[in-house]
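Take a look at the structure set out below.
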Amino acid sequence: MISEEIVHIQGIPKKLVVFLHGYLDSSDAVDARIGELCDSLPDFAVHIPQAPFLCEVGSHMRQWYSMYRFDPEYARKNAPNMEEFLRYYNRMSLGLSETHSFLQPYIEQTLSEYGLGYQDLFLCGFSQGAMAAIYTALMLPEEIGGLISFSGIMAGHEYLLKNALSHPKTLLLHGIDDNLLRPESLDFTAEQMRKLGSLVTCHRIKNLGHTLDASGIEYAIKFIKKQITQKAKR
């Protein structure tokens, strides 16, 4: 179902980054923000796939799955406490499962094109794309090279805690001033990922709302390079 993408290639790709954009977002918009990542990883391919669905709340923008379907009043933004906030995201398991059903074949096909395996993949995402990246990485049959979440949360956590197949090394990034997806989402996600056995690194970014910024991209580059270096030493 994924038929559009932006691709950057440096040298002969030995590793692959797949970066998933957010809700009411697009591959073009993300591409404009992650240039430093694309330029800093030699012998990498960076793929930014376009979600196949037009966004339900904005013309010409995209979504991986419907948020309206699970929270038609957008009540999650004003949930009175973290417990109630999490209930909304836990409902999204079905939407994430549907997203996974077309992301996994896309990932496998892309890896095959470069002659790479799951261990060579770094799966990244922003906001809804981070939710899709987390869900997909945990449900892949083999552990990937690394998982990076920008302003995300483990949605559908009850299902994932019972059914996850993998536990990748993970980097969680979140703006302290995020007013769309609570900053506490980082702590919650880290706790759940560690329950599954993942090694998790967290960075809370000062003066950052719900967006991608240069410091987050820098953390991501360092994380990817660290995973490659550590693997080479084994």
Residues Tyr89, Phe85; criterion ring pair (Phe, Tyr, Trp, His ring centres under 6.0 Å); working and verdict: CA-CA 7 Å; Tyr89 286 94; Phe85 176 81; 5.0 Å; yes

Pair His47 + Tyr114: ring centers closer than 6.0 Å: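 Between His47 and Tyr114, the centre distance is under 6.0 Å.
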
What pair of heavy atoms forms the shortest contact from [X] to [Y], and how long is it?
X: Leu140; Y: Ser166; value: O-CB, 3.7 Å
X: Leu172; Y: Ala190; value: CD1-N, 3.5 Å
X: Arg69; Y: Leu94; value: NH2-CD2, 2.9 Å
X: Gly125; Y: Ala133; value: N-CB, 4.2 Å
X: Phe70; Y: Gly95; value: CZ-N, 3.4 Å
X: Ser93; Y: Gly156; value: CB-CA, 3.9 Å

Do you reckon [X] sits in the same ILVMFWY cluster as [Y], going by side-chain contacts under 4.5 Å, direct or chained?
X: Leu116; Y: Phe44; value: no
X: Tyr68; Y: Leu180; value: no
X: Leu186; Y: Ile205; value: no
X: Leu212; Y: Val17; value: yes
X: Ile228; Y: Tyr118; value: no

[X] side chain to [Y] main-chain N or O, any donor-acceptor pair under 3.5 Å?
X: Arg62; Y: Ala51; value: yes
X: Ser101; Y: Glu98; value: yes
X: Asp39; Y: Glu36; value: no
X: Asp178; Y: Arg182; value: no
X: Asn163; Y: Tyr159; value: yes
X: Gln128; Y: Trp64; value: yes
X: Ser185; Y: Leu181; value: no
X: Asn179; Y: Gly209; value: no
X: Ser151; Y: Phe126; value: no
X: Asp43; Y: Ile12; value: yes

Side-chain H-bond candidate by donor/acceptor type, Ser26 with Asp28, under 3.5 Å: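 Looking only at side-chain atoms, Asp28 and Ser26 do not form any donor-acceptor pair under 3.5 Å.
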
Taking 4.0 angstrom as the limit, do [X] and [Y] come out as a salt bridge?
X: Asp177; Y: Arg204; value: no
X: Glu191; Y: Arg194; value: no
X: Glu158; Y: Lys162; value: no

For the [atom1] atom of [X] and the [atom2] atom of [Y], what is their distance to the nearest 0.5 Å?
X: Gln119; Y: Ile144; atom1: CD; atom2: CD1; value: 11.0 Å
X: Asn78; Y: Glu73; atom1: CG; atom2: CD; value: 11.5 Å
X: Ile217; Y: Lys222; atom1: CD1; atom2: NZ; value: 13.0 Å
X: Met61; Y: Leu24; atom1: CE; atom2: CG; value: 5.5 Å
X: Ile134; Y: Met154; atom1: CD1; atom2: CE; value: 6.5 Å
X: Ile107; Y: Leu121; atom1: CD1; atom2: CG; value: 5.5 Å

For a 4.5 angstrom cut-off between non-hydrogen side-chain atoms, does [X] reach [Y]?
X: His8; Y: Ile6; result: yes
X: Asn207; Y: Ile176; result: no
X: Leu147; Y: Thr170; result: yes
X: Ile48; Y: Glu5; result: no
X: Ile153; Y: Phe188; result: yes
X: Ser3; Y: Pro52; result: no
X: Phe19; Y: Ile148; result: no
X: Tyr74; Y: Tyr88; result: no

Qualifying residue, where the test is side chain to side chain contact (heavy atoms under 4.5 Å, CB included) with Leu20 and the options are Thr99, Thr136, Leu103: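 When Thr99, Thr136, Leu103 are each tested with Leu20, the side chain to side chain contact (heavy atoms under 4.5 Å, CB included) holds only for Leu103.
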
Atom NZ of Lys195 with >12 non-hydrogen neighbours under 6.0 angstrom: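 More than 12 heavy atoms, drawn from other residues, nucleotides or ligands, come within 6.0 Å of this atom.
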
Atom CZ of Phe53 with >12 non-hydrogen neighbours under 6.0 angstrom: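 Enclosed: over 12 neighbouring heavy atoms sit under 6.0 Å from CZ of Phe53.
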
Residues His167, Leu199; criterion side chain to side chain contact (heavy atoms under 4.5 Å, CB included); working and verdict: CA-CA 8 Å; His167 48 86; Leu199 295 176; over 6 Å; no

Pairs meeting criterion side chain to side chain donor-acceptor pair (under 3.5 Å) with involvement of residues 16-25, two or more places apart: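 Those involving residues 16-25 are Tyr23-Glu56.
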
Working for ring pair (Phe, Tyr, Trp, His ring centres under 6.0 Å), residues His210 and Phe150: CA-CA 9 Å; His210 193 71; Phe150 295 81; over 10 Å; no

Residue pair Gln192, Leu161: steps toward the side chain to side chain contact (heavy atoms under 4.5 Å, CB included) verdict: CA-CA 7 Å; Gln192 309 315 306; Leu161 289 175; 3.3 Å; yes

Ring geometry between Phe122 and Phe223 (parallel below 30°, tilted from 30 to 60°, perpendicular above 60°):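 Answer is perpendicular, since the angle exceeds 60°.
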
Met92 and Met67: CA distance, side-chain angles, deciding distance, side chain to side chain contact (heavy atoms under 4.5 Å, CB included) verdict: CA-CA 8 Å; Met92 298 180 187; Met67 304 288 274; 3.8 Å; yes

Leu165 and Leu138: CA distance, side-chain angles, deciding distance, side chain to side chain contact (heavy atoms under 4.5 Å, CB included) verdict: CA-CA 6 Å; Leu165 302 176; Leu138 293 174; over 6 Å; no

